[in-house]
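Predicted, not measured: the structure shown is a model, and the values here were computed from it. Naming convention: chains lettered A, B, ... in sequence-line order (proteins, then strands); numbering from 1 in each chain. All heavy atoms count here, side chains included; hydrogens, waters and symmetry mates do not.
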Amino acid sequence: MSWPSGFWTRHPATVAHDLIGWEVLVGGVGGRIVEIEAYHHEDPASHTHSGPTPRNAAMFGPPAHAYVYRSYGVHWCLNFVCGETPGSGLLIRALEPTHGLDLMAERRGRAELRGLCSGPGKVCQALAVTREHNAMPLDRAPFMVSPGKARGVVAGPRIGISKAVDVPWRFGEAGSTFVSRPFPKAS
DNA sequence: AGACTGATATTCT
DNA sequence: GAATATCAGTCTA
């Protein structure tokens with residue numbers, strides 16, 4: 001597998017936009033990216049805004065690696081490290097399930113496709129992503145990240161934050177029914 | 001459908 | 001002690 005040269009070393013919002021429609025597999029299980037959020041080092045809403053900590057250390061490591069953290073003490077959330085400078089990354093918020101549907105349904109405890117990966121915590125539960133995956137490279141097993149195509153890309157404000165709420169760095173595939181929440185209607 | 005609540009790691013004040 | 005890049009359950013209507 002190979003990525004376009006310099007793909008990950010650009011502004012996180014640009015990378016997030018381009019990743020919509022790509023395929024993400026962990027241990028052969030996963031689907032197409034239909035929703036992503038970008039977090040920049042100098043963005044007040046980012047975990048990295050106040051510098052490195054034990055938790056966010058992976059975000060200051062090399063691009064094209066994973067950053068996995070515990071959310072609300074309960075869920076895992078999967079991020080891709082990217083950017084021109086250290087400390088930026090992308091939160092994988094939703095997938096359209098394509099591979100390992102039975103396994104995902106079993107891990108999630110429910111079978112409806114629409115609810116399998118429609119949220120960052122759900123994605124990690126369905127793909128069995130945990131702390132063990134933190135700081136792992138995305139170009140080697142168990143990860144597989146391969147280019148794909150989106151029908152169209154829409155953007156909107158990010159979800160669940162209280163700072164920089166108007167920065168439109170949430171990206172999704174136009175018309176997808178697998179997103180965690182609908183995007184603001186265009187026009 | 002919408003509002004509220006519990007779970008509870010990590011960071012910041 | 002308070003807030004948080006969340007989710008599922010349960011209640012009210």
Side-chain angles (χ1 to χ4, degrees), chain A residues 8 11-17 19-20 24 26 30-31 33-61 63 65-83 85-97 104-136 138 154-173 176-185:
Chain A
W8 299 96
H11 192 283
T14 307
V15 181
H17 175 281
L19 274 177
I20 298 297
V24 177
V26 179
I33 298 175
V34 294
E35 185 180 348
I36 281 197
E37 283 176 4
Y39 287 88
H40 191 269
H41 178 30
E42 294 176 4
D43 169 8
S46 173
H47 285 171
T48 56
H49 183 240
S50 349
T53 67
R55 176 176 65 160
N56 65 27
M59 283 269 271
F60 289 95
H65 283 233
Y67 162 50
V68 181
Y69 70 91
R70 185 85 88 159
S71 172
Y72 288 88
V74 188
H75 306 286
W76 296 105
C77 290
L78 172 63
N79 299 252
F80 292 169
V81 180
C82 70
T85 56
S88 298
L90 314 169
L91 171 66
I92 310 303
R93 285 196 57 90
L95 303 179
E96 175 182 336
M104 287 195 275
E106 186 183 325
R107 289 167 176 164
R108 293 270 304 112
R110 48 206 72 215
E112 316 91 88
L113 271 191
R114 281 204 42 206
L116 272 192
C117 302
S118 58
K122 299 178 184 180
V123 169
C124 287
Q125 189 180 9
L127 307 205
V129 171
T130 68
R131 182 132 211 116
E132 299 172 12
H133 298 87
N134 190 42
M136 286 187 51
L138 298 179
V154 292
R158 293 170 293 182
I159 292 181
I161 58 172
S162 61
K163 303 180 175 181
V165 291
D166 292 329
V167 178
W169 283 354
R170 175 181 179 236
F171 299 91
E173 178 171 52
S176 174
T177 56
F178 297 98
V179 295
S180 63
R181 287 166 51 174
F183 279 78
K185 197 109 177 169

inquiry  = Working note: A:Val15 + A:Leu90, criterion side chain to side chain contact (heavy atoms under 4.5 Å, CB included); need CA distance, chi angles, decisive distance, verdict.
reply    = CA-CA 8 Å; A:Val15 181; A:Leu90 314 169; 3.8 Å; yes
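Of the inter-residue distances, the one linking A:Ser88 atom OG with A:Tyr67 atom OH reads 12.5 Å to the nearest 0.5 angstrom. Between the CG atom in A:Asn134 and the CH2 atom in A:Trp76 there is a gap of 8.5 Å [rounded to 0.5 Å]. Atom CD of residue A:Glu173 and atom CZ of residue A:Phe178 lie 10.0 Å apart, to the nearest 0.5 angstrom. Annotation: the span from A:Gln125 atom CD to A:Thr130 atom OG1 amounts to 12.5 Å, rounded to 0.5 Å. Interatomic distance, A:Arg158 CZ to A:Phe171 CZ, rounded to the nearest 0.5 Å: 9.5 Å.
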Might you list the N or O atoms of the protein lying below 3.5 Å from N or O atoms in nucleotides 1-6 of chain B, with each pair's distance?
none

Could you go through nucleotides 2-4 of chain C and list every protein N or O atom that sits under 3.5 Å from one of its N or O atoms, giving the distance for each pair?
residue: C:dT4; atom: OP1; partner: A:Ser162; partner atom: OG; Å: 2.6

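Ring-plane geometry between A:His11 and A:His40 is classed as parallel, the angle between the planes falling under 30 degrees on a 0 to 90 degree scale with a further cut at 60.
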Per-nucleotide pairing state of DNA chain B [Watson-Crick or G-U, under 3.5 Å; [ ] pseudoknot-crossing; | other strand] = |||||||.||||.
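The nearest whole Å value for the distance from the CD atom in A:Gln125 to the C1' atom in C:dC7 is 9 Å. Rounded to an integer number of Å, the gap from CD1 of A:Ile159 to C1' of C:dT6 is 11 Å. Atom CH2 in A:Trp76 sits about 12 Å away from atom C1' in B:dT8, given to the nearest Å. Between A:Leu91 atom CG and C:dA5 atom C1' there is a gap of 5 Å when expressed in whole angstrom units.
Set against C:dG9, C:dC7, C:dA5, the side chain of A:Arg110 has C:dG9 as its closest nucleotide. In this structure, the nucleotide among C:dC7, C:dA5, B:dA9 sitting nearest to the side chain of A:Tyr69 is C:dA5. Of the candidates B:dT11, C:dA8, C:dT6, the closest approach to any side-chain atom of A:Lys122 belongs to C:dA8. Of the candidate nucleotides B:dC12, C:dC7, C:dA5, C:dA5 has the atom lying nearest to any side-chain atom of A:Met59.
Put simply, the side chain of A:Lys163 does not reach to within 4.5 Å of the side chain of A:His49, judged on heavy atoms. Taking the side chain as every heavy atom from C-beta outward, A:Pro157 and A:Val165 never approach each other to under 4.5 Å.
Pairing each heavy atom of A:Arg93 with each of A:Val123, the nearest pair is O-CG2, 3.9 Å.
Dashed line: the shortest gap from a side-chain N or O of A:Arg108 to OP1 or OP2 of C:dA8 is under 4.0 Å. At the phosphate of B:dA9, neither OP1 nor OP2 sits under 4.0 Å from any side-chain N or O atom of A:Arg131.
Comparing the P positions of C:dA13 and B:dT5 gives an interatomic distance of 14 Å, to the nearest angstrom. Comparing C:dA5 with B:dA3, their C1' atoms sit 22 Å apart, to the nearest whole Å.
A:His65 contributes no side-chain N or O that, together with a main-chain N or O of A:Val81, makes up a donor-acceptor pair within less than 3.5 Å.
A donor and an acceptor atom, one from each side chain of A:Ser180 and A:Glu35, are located under 3.5 Å apart.
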